[in-house]
Every structure is written in C-alpha cells, then in structure tokens.
Amino acid sequence: DAGITQSPRYKITETGRQVTLMCHQTWSHSYMFWYRQDLGHGLRLIYYSAAADITDKGEVPDGYVVSRSKTENFPLTLESATRSQTSVYFCASSSGDGGETQYFGPGTRLLVL
Amino acid sequence: AQTVTQSQPEMSVQEAETVTLSCTYDTSESDYYLFWYKQPPSRQMILVIRQEAYKQQNATENRFSVNFQKAAKSFSLKISDSQLGDAAMYFCARLTSGTYKYIFGTGTRLKVLA
C-alpha cells in the first residue's frame with residue numbers, strides 16, 4: 001500500500017546542475033501534479049499531467065521540465081538549478097476529471113547552493 | 001485574480017477546546033469544490049475535509065466540521081475537542097469543477113496548548 005512516493009526526500013545541489021525529482025504512484029491515477037511550497041505562497045502548481053504523454057503548464061513552470069512516459073511515474077527536472085528553486089516540492093495525484101481530491105506525496109526538500 | 005485568503009497566520013487553542021480557522025475565496029464560478037488540508041511537521045499534506053459547493057449541508061468528519069457560506073464566499077474549519085496531534089499548518093484550497101488546478105491559501109499555523 002505505497003500510495004504516492006517521492007525520491008529523494010532531501011537534495012542539496014549547486015547552481016547550474018541538473019536535478020531530477022521522482023514521483024511514483026500505485027493507484028493508477030490518471031492525473032498527476034507537481035507543486036512547490038514556499039513561505040508566504042502556499043502551494044503553487046508547476047506542471048500537471050492528465051495521462052501518459054499529456055502534460056501542461058501550471059502557474060510557475062519556468063525552469064522546469066516534466067515527462068510522463070508511464071502512468072505511474074511523473075519526474076520533474078530542473079535543467080539548470082537556480083537558488084530561487086530552493087523549495088519543498090510536492091507531487092500529487094487524482095483519479096478523475098475535475099473536482100477530484102488530490103493526494104499528496106511526502107515532499108522533497110531541495111536546497112540549491 | 002481568483003484567490004483564497006486565510007487571514008489568520010497563526011492561531012492557538014487549549015487542548016480539548018474548540019477553534020475555528022477562517023478562509024475566504026474569490027470566484028465567479030458557481031460549481032466548485034473546497035478543501036482543508038493539514039500539514040503536520042512531517043510536511044505530509046493530509047486531506048481533512050472536502051465540501052462540494054452545490055451542497056447546502058456542511059461537511060463533517062469526526063471532530064472536524066465546516067461552516068460553508070456560499071453567498072459570503074466563506075469556508076471556515078471548526079476543530080472540536082482539540083488534541084495535541086492537531087497542531088499543524090492548515091491550508092484552505094478551492095478547485096473549480098472540471099479543472100485540476102487547486103488554488104491554495106497561504107495557511108494558518110495552529111498551536112495546541114497542553
């Protein structure tokens with residue numbers, strides 16, 4: 001009963017490096033999401049995916065790339081990390097088409113030096 | 001801009017007492033969903049309660065209940081018989097029906113005093 005998992009849980013990297021955050025869900029949910037959480041901003045949507053090979057931008061997509069070749073995986077890549085991308089990143093998934101509750105992973109804390 | 005506002009950055013409550021967290025939102029839609037999520041120190045986001053806007057009856061989940069005032073665009077969370085484990089950040093969120101984009105408030109930190 002793994003649900004939704006994220007790896008790594010903690011990551012320290014340097015400016016300019018590429019970083020990939022992994023997200024895996026075992027519910028076969030169609031929809032998956034990436035959020036970042038920063039003090040004073042709540043959670044903001046970076047990208048989302050409605051199904052394998054279908055992705056779309058959220059509120060703050062710049063500097064991030066996503067892919068979804070399999071339903072259960074939704075990796076988020078920072079192609080060239082910047083200090084402003086220091087944040088806590090949450091992956092979430094939901095089963096249906098609009099109005100569905102989203103279930104969140106445990107989060108990845110990323111520090112960019 | 002369609003926003004969700006939590007005007008109380010921090011609240012405190014005595015153990016076993018009742019506390020109400022406020023949330024207001026701005027929307028032009030008539031069909032939407034509202035949520036309260038709890039984020040304890042572990043940072044895991046946990047769904048507390050969900051309300052469909054078309055339902056007049058307020059949602060309840062054990063010690064948690066909401067006061068949903070659609071005309072006033074208000075969605076407060078009441079926690080009864082507060083427990084130490086209720087200490088957390090609480091986020092209010094709105095989701096327009098047929099979409100996938102949550103809009104979150106900035107959160108209220110709840111402290112429970114023994």
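FYI, side chains are in, hydrogens and waters are out, and symmetry mates aren't considered; it's all heavy atoms of this structure. Every chain is numbered from 1 and lettered A, B, ... according to where its sequence line falls, protein lines coming before strand lines.
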With a 4.5 angstrom heavy-atom cut-off, could you sort out which part of [X] is near chain B: side chain, backbone, both or neither?
{"X": "Glu59(A)", "value": "neither"}
{"X": "Arg44(A)", "value": "neither"}
{"X": "Leu45(A)", "value": "side chain"}

Please determine, among Gly105(A), Gly58(A), Ser94(A), the option with the most heavy-atom pairs under 4.5 Å with chain B.
-> Gly105(A)

Under 3.5 Å, is there a donor-acceptor pair linking the side chains of Tyr35(A) and Gln102(A)?
-> yes

Give a yes or no on this: more than 12 heavy atoms of other residues, nucleotides or ligands lie within 6.0 Å of atom OH of Tyr103(A).
-> no

Is the distance between the ring centroids of Tyr32(B) and Tyr25(B) under 6.0 Å?
-> yes

Are the aromatic ring centres of Tyr37(B) and Phe104(A) under 6.0 angstrom apart?
-> yes

Anything under 30° is parallel, anything over 60° is perpendicular, the rest tilted; go ahead and classify Phe33(A) against Tyr31(A).
->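 The arrangement is parallel - the two ring planes meet at less than 30°.
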
Examine whether an atom of Glu52(B) lies under 4.5 Å from a heavy atom of chain A, and if so say whether it belongs to the side chain, the backbone or both; otherwise answer neither.
-> neither

